[in-house]
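Below: the structure, in structure tokens.
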Amino acid sequence: MSSLAHQLCGLRSSPLSSTPISTRKRFSPVVSAAASPTPISNAQTKERLKLKQLFKEAYERCCITPMDGVSFTLEDFHDALANYDFVSELGTKVKGTVFSTDANGALVDTSAKGTAYLPTQEACIFNIRHVEEAGIYPGLEEEFVIIGEQEQEDDGSLILSLRSVQYGLAWERCRQLQAEDFVIKGMVVDGNKGGVVVLVEGLKGFVPFSQISAKSTAEELLNKELLLKFVEVDEKLSRLILSNSKAIASSQSELKIGSVVTGIVQILKPYGAFIDIGGVNGLLHVSQISQNHISDIAAVLQPGDMLKVMILSYDRDRGRISLSTKKLEPSPGDMLHNPKLVFEKADEMAQTFRQRIAQAEAMARAELLEFQPENS
């Protein structure tokens with residue numbers, strides 16, 4: 001027992017410290033020198049405060065004046081958006097630039113759905129054989145109307161038209177001319193029993209025979225120009241009615257009876273010749289060509305002949321003008337034998353004629369006064 005006790009006594013622990021727990025030294029973990037915090041300098045602090053202030057000011061500008069200093073406007077945005085937000089519905093207008101032409105039309109860059117095509121028949125309101133006749137060359141920028149897609153193309157290339165744009169402008173132009181009561185010229189391109197078809201502003205209009213001053217057939221007027229005024233302009237009904245008689249009455253309002261004008265023989269008839277006097281046709285009746293009898297008018301006049309004629313009468317309401325060379329003959333029969341002399345002496349003879357008319361009117365007034373009863 002004594003041996004065991006001796007062994008146990010050898011296992012005694014060291015005595016506990018007598019120092020109070022509260023005064024014991026706290027445990028501090030070991031920290032390496034690399035992880036030690038670096039003190040911030042005054043210069044770095046000022047830089048951070050400066051950046052903080054800049055961010056604060058930028059935030060306030062975004063809230064108060066977000067577009068200040070921005071050169072790209074809202075209009076610019078819409079213009080840019082139009083290049084990408086492309087609508088290819090039929091009837092939509094689109095801007096494009098011609099970059100190539102051929103015998104059948106032109107290729108147009110619309111900056112949208114690939115390359116578009118402008119067929120020759122859609123390039124102009126008039127009939128043309130090549131797009132260049134309508135002034136369409138590479139580099140031309142225009143506004144087109146979408147009228148379809150090419151089915152044979154995999155990418156569905158658009159088919160464009162300028163004719164549709166011009167068609168609307170032509171109707172608008174006709175409405176303006178009617179409102180302003182303008183006199184225009186129209187080419188006769190067709191006819192029927194009721195009148196003739198004329199081409200004005202690229203549109204086809206109709207002129208009834210009752211509104212044509214010269215009594216002529218459609219065949220005689222074909223490919224000839226007529227002075228015209230608009231009577232009816234209705235785009236919805238595609239109705240365009242014009243009058244030649246009203247145009248003549250308006251454009252020749254300055255013409256007076258007895259005045260001499262230069263004209264060109266247009267059409268010969270058994271009863272006389274129609275003379276173009278500045279775009280207006282007047283009738284030179286066979287009885288007013290010469291003081292001598294004429295059996296064959298073609299032996300005296302031919303289409304294209306230039307001559308001076310005197311105005312005998314002018315019906316403004318019906319647009320009819322009667323002419324005479326007979327009154328301009330220095331001697332009877334000069335139009336048959338010496339028409340050059342008639343041309344040279346026309347103004348002199350017309351002056352003599354007007355003087356005779358004035359004298360006759362004065363004598364008539366004097367006779368009228370002579371037979372009037374005296375006032376009682």
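Computed from a predicted structure; not experimentally measured. Residues: numbered from 1 along the sequence shown.
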Should the heavy atoms of other residues, nucleotides or ligands under 6.0 Å from [atom1] of [X] be counted, would the total exceed 12?
{"X": "F182", "atom1": "CZ", "answer": "no"}
{"X": "N127", "atom1": "CG", "answer": "no"}
{"X": "K95", "atom1": "NZ", "answer": "no"}

Does one hydrophobic cluster hold both [X] and [Y], with members joined at side-chain heavy-atom distances below 4.5 Å?
{"X": "I294", "Y": "F343", "value": "no"}
{"X": "M310", "Y": "I257", "value": "no"}
{"X": "F99", "Y": "L118", "value": "no"}
{"X": "I321", "Y": "L312", "value": "yes"}
{"X": "V165", "Y": "V94", "value": "no"}

With rounding to the nearest 0.5 angstrom, report the [atom1] to [atom2] distance, [X] to [Y].
{"X": "I311", "Y": "S324", "atom1": "CD1", "atom2": "OG", "answer": "11.5 Å"}
{"X": "R48", "Y": "K52", "atom1": "CZ", "atom2": "NZ", "answer": "11.5 Å"}
{"X": "I277", "Y": "I264", "atom1": "CD1", "atom2": "CD1", "answer": "11.5 Å"}
{"X": "N292", "Y": "H337", "atom1": "CG", "atom2": "NE2", "answer": "5.5 Å"}
{"X": "I146", "Y": "K93", "atom1": "CD1", "atom2": "NZ", "answer": "12.0 Å"}
{"X": "L158", "Y": "I147", "atom1": "CG", "atom2": "CD1", "answer": "10.5 Å"}

Which atom names give the shortest non-hydrogen contact between [X] and [Y], and what distance separates them?
{"X": "Q288", "Y": "K327", "answer": "OE1-CE, 4.1 Å"}
{"X": "I128", "Y": "C124", "answer": "CD1-CB, 3.8 Å"}
{"X": "A106", "Y": "V98", "answer": "CB-CG1, 4.0 Å"}
{"X": "V342", "Y": "P330", "answer": "CG2-CD, 4.2 Å"}
{"X": "L336", "Y": "S290", "answer": "CG-OG, 4.1 Å"}
{"X": "T262", "Y": "M306", "answer": "CG2-CG, 3.7 Å"}

State whether [X] and [Y] are salt-bridged, where the test is any N-O pair (Lys NZ or Arg NE/NH1/NH2 against Asp/Glu carboxylate O) under 4.0 Å.
{"X": "E172", "Y": "R175", "answer": "yes"}
{"X": "K345", "Y": "D334", "answer": "no"}
{"X": "R239", "Y": "E232", "answer": "yes"}

- request: Identify the residue among V131, I136, I125 that makes a side chain to side chain contact (heavy atoms under 4.5 Å, CB included) with L162.
  value: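 The passing option is I136.
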
task: Carefully, step by step, assess F206 and N192 under the rule side chain to side chain contact (heavy atoms under 4.5 Å, CB included).
output: CA-CA 10 Å; F206 185 69; N192 52 42; 3.7 Å; yes

Could you check whether any side-chain heavy atom of [X] comes within less than 4.5 Å of a side-chain heavy atom of [Y], counting everything from C-beta outward?
{"X": "Y117", "Y": "V108", "answer": "no"}
{"X": "F274", "Y": "L268", "answer": "no"}
{"X": "K46", "Y": "K50", "answer": "no"}
{"X": "V196", "Y": "I212", "answer": "yes"}
{"X": "L240", "Y": "V200", "answer": "yes"}
{"X": "L226", "Y": "V188", "answer": "yes"}
{"X": "C174", "Y": "L203", "answer": "yes"}
{"X": "V145", "Y": "L160", "answer": "no"}

task: Test side chain to side chain contact (heavy atoms under 4.5 Å, CB included) on T97 and L140 and set out the steps.
output: CA-CA 6 Å; T97 303; L140 175 70; over 6 Å; no

N/O donor-acceptor pair under 3.5 Å between [X] side chain and [Y] backbone:
{"X": "E220", "Y": "T217", "result": "yes"}
{"X": "N244", "Y": "L227", "result": "yes"}
{"X": "T120", "Y": "G105", "result": "yes"}
{"X": "Q291", "Y": "S331", "result": "no"}
{"X": "S243", "Y": "K229", "result": "no"}
{"X": "T352", "Y": "E348", "result": "yes"}

- request: Please assess Y271 against L283 for the test side chain to side chain contact (heavy atoms under 4.5 Å, CB included), listing each intermediate value before the final yes or no.
  value: CA-CA 9 Å; Y271 53 82; L283 176 62; 4.1 Å; yes

message: Checking L228 against V183 for the side chain to side chain contact (heavy atoms under 4.5 Å, CB included) test, could you report, in this order, the C-alpha distance in whole Å, the side-chain angles of both residues, the deciding distance, and whether it holds?
response: CA-CA 6 Å; L228 302 165; V183 175; over 6 Å; no

